Amino acid sequence: MLSKLNTEQREAAMYLDGPLLVLAGAGSGKTRVITHKIAYLVEECGYAARNIAAITFTNKAANEMRERVSLLLPGKSAKGLVVSTFHSLGMTILRAEAKLLGYKPQFSIFDSSDTFKIISELTNSGDKQEIRDIQTQISNWKSAFVAPEQAVVVADSADAEAYARIYMRYQETLRAYQAVDFDDLIHLPVLLFKDHPEALLRWQHKLRYLLIDEYQDTNDCQYQLTRLLAGTRAAFTAVGDDDQAIYAWRGASIENLHNLRTDYSQLRVIKLEQNYRSSQRILKVANALINHNTKVFEKKLWSDHGIGDPIRVYAARDDEHEAESVVMKLVTHKFENQAKFSDYAILYRSNYLSRAFEEQLRAQRVPYTVSGGTSFFDKPEIKDITAYLRLIANPDDDPAFIRAITTPKRGIGNATLEKLGSHAGLRHISLFEAAFDVQIEQLLPPRQYEDLMVFCRFINRLEDRAESDPCGELLDELLRAINYETWLYDSSDARQAESKWKNVEDFIGWLKRKSEADEKSLIAMVQTIALINMLEGKDKEQEAVSLSTLHAAKGLEFPHVFIIGAEEDILPFRDSDAKGIEEERRLMYVGVTRAERTLQISYCKRRRRGKDWALCEPSRFLEEMPQSELVFAGGHAEAVQVVTKDEGMDKLARLKAMLAKPVAES
DNA sequence: GGTGATGCCTTTTTT
DNA sequence: AGGCATCACC
């Protein structure tokens, strides 16, 4: 079974004598090690699949992992295997153990727009940036294990203390709503396990072997959860690559790789250094680039593939021209090489950069899929429906209550909600509960009170049936009862309404299929929704070009890769400090190492900034690559193409000088 | 005075 | 594509 692995991979797959850290360079087959190890545990070591947990960082990675394991494990032997993200594992634990923490199992999961609203209400400030700052601060506190009370105590400035107090009230609010945020999904299980050893034992008994992918992206909280679950047996394999750590901004710390060494003296470390993905030239460029970072774990990636094509660097006039030339190049290349569209990826730093490319691809009738970007579940029509579902699952979910009761409009407006809200605030109860309070009848005009009661009884009826009745029936009835389709057509033009209604139908269809396939109740489905951002299985293996952010591209590979927008202030992102630059460099490294055979990196010489043009400087990372392996093309850089490699740097410098001159308005 | 529609400007990365 | 501001209309 393990015959397809190389010596190190096999060793990693078979090592079971204690904790194991696999330092796996890009393209060195780390997913392969994990999947084969799972198969090995089941087939050769007598583990039941349901006692093994593989933890990934994205749902995409989890799905792929599940698929690859089921290819290795015939029949039903993969049944029960836990493959999930940290967050969804946390959700599962929390749902099972909710009572111990004083939550009901149907707790709501708040996404960042929910928490944004809560914080903005708590602060009474309209400053969006400040609210975002508070959001990040709270998130950092949680992942670093600082309780609200502690945050208040250690605050070293008036501002910090103000934030800490908001944190405290924020946490109280979530609890009142029977809601948790993303960080709580990991934070709360850790608290639970610390306070309830018997619960920890249960889970240690259930999850007897842990495999953690992308270990370099864990934050302190996730590390704690891992440690607790692994227990004294320390039966786990962590796989990671410090050069691909790109989530420091959300609290991940590469130090967790080292902490593993200090916390587990018996830790075995295996390095995977043979790359099976890229050409020698791509690797050479990637290695040279990443060597500009201060290194902790020395690692030397090598490949026995051919030297490969030169890496093209293309200077485009502006973003429109960049899109045009990349798409032309891609189409020509596909035609000449008889390749498939799915062999190509266009990667970028920020979501908005995809726009020009989407336009161009549509114009050329090239099929494409976009990953990352705004989630399907963020669309207003989907949020409307999920508000109802959330409310049915958990009537104390105030944000869901407000959205549902006002969409479609049913005669309850701000004035009524305000009265209800202030009463709820006084009594420390949810809006839903407040509606049934005896005093409310006197506080509201009869008409409003009647409408409110009709709505609440309606929700109550659905709530009663949520556990027992089939999910599909319930959904159909809900949509009919609220007349959602009609309302869509009444409130937007026919074209938009049509597409929105189609989204709703897709969503409902997906919910029905998924709840049947996974044997999940509607309530379990509702909680899952907050954690995913795409309808899975909708566009599998399409023959289409992939557009993706560099973050979302991690773990993927493509024969031909275009990295676009390689400019200062974009990649690296503006205002990056020294540490930030290193992370940006790793991001570029991730991009470069996605490529198997050809790679083109492009940048714009200018970009529209409002009315006029702003000049763009090529990314410093281009200079950090061995110039001998690059071929320059396009616009000003055309001249660079003919020079010898030694002059490459000079030319680039001169090119920059030329670009520094003002460009005429057009 | 309040609300709605239109148009212009700006976009970090994600569970 | 979304958010914000401005303008016009009710």
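Computed from a predicted structure; not experimentally measured. Note on naming: letters A, B, ... go to the chains in the order of the sequence lines (proteins, then strands), and numbering restarts at 1 for each one.
Nucleic acid contact for A/S88: none, since no nucleic acid atom lies under 4.0 Å from a heavy atom of the residue.
A/R403 has a carboxylate O that lies under 4.0 Å from a charged side-chain N of A/D384, or vice versa, which qualifies the two as a salt bridge. The residues A/D241 and A/K554 are annotated as not salt-bridged, no charged nitrogen and carboxylate oxygen being separated by less than 4.0 angstrom. Salt bridge absent: A/K142 and A/D220 never bring a charged side-chain N and a carboxylate O closer than 4.0 Å.
Look at CG on A/L353: it is 12 Å from C1' on B/dT13, rounded to the nearest Å. Distance A/L225 CG to B/dT15 C1': 14 Å, rounded to the nearest Å. Atom P of nucleotide B/dT10 and atom CD1 of A/I570 are separated by 15 Å, given to the nearest angstrom. One can place CZ of A/R132 at 11 Å from P of B/dT13, the figure rounded to the nearest angstrom. For the pair A/R607 CZ and B/dC9 P, the computed distance is 18 Å after rounding to whole Å. Atom CZ in A/R574 sits roughly 11 Å away from atom P in B/dT10 (whole-Å rounding). For A/Q216 and B/dT13, the CD to C1' distance is 15 Å, given to the nearest whole Å. A/I532 places its CD1 atom 11 Å from the P atom of B/dT15, with the value rounded to the nearest Å.
Of the side-chain N and O atoms in A/T549, one or more sit less than 4.0 angstrom from OP1 or OP2 of B/dT14. Remark: A/N351 is in phosphate contact with B/dT13, judged by side-chain N or O atoms under 4.0 Å from OP1 or OP2.
With values rounded to the nearest 0.5 angstrom, A/D181 atom CG is found 6.5 Å from A/T115 atom OG1. In this structure, CD in A/E584 is found 10.0 Å from CD in A/E568, a value given to the nearest 0.5 Å.
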Between A/E97 and A/W203, does the side chain to side chain donor-acceptor pair (under 3.5 Å) criterion hold? Intermediate values first, please.
CA-CA 10 Å; A/E97 311 289 345; A/W203 285 90; 2.8 Å; yes
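For the salt bridge (Lys or Arg N to Asp or Glu O under 4.0 Å) with A/E64, the qualifying choice from A/R66, A/R68, A/K60 is A/R68, the only one to do so.
Judged by a 6.0 Å distance limit and a 45° cone about the ring axis, A/R355 is not positioned over the six-membered ring of A/Y352. Annotation: cation-pi pair A/K194/A/F145 present, NZ/CZ under 6.0 Å from the ring centroid and within 45° of its normal.
Think of the region where chain A sits on DNA chain C: with heavy atoms and a 4.0 Å cut, that region ends 5' and 3' at C/dA1 to C/dC4.
Per the stacking criterion (ring centres < 5.5 Å, plane angle < 30°), A/W249 stacks onto the base of B/dT13.
For A/Y352 and A/F86, each mapped to the nucleotide of DNA chain B holding its nearest heavy atom, the one lying further toward the 5' end belongs to A/Y352.
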How does DNA chain C read in dot-bracket, base by base from 5' to 3', with Watson-Crick or G-U pairs under 3.5 Å and | used when the partner is on another strand?
||||||||||
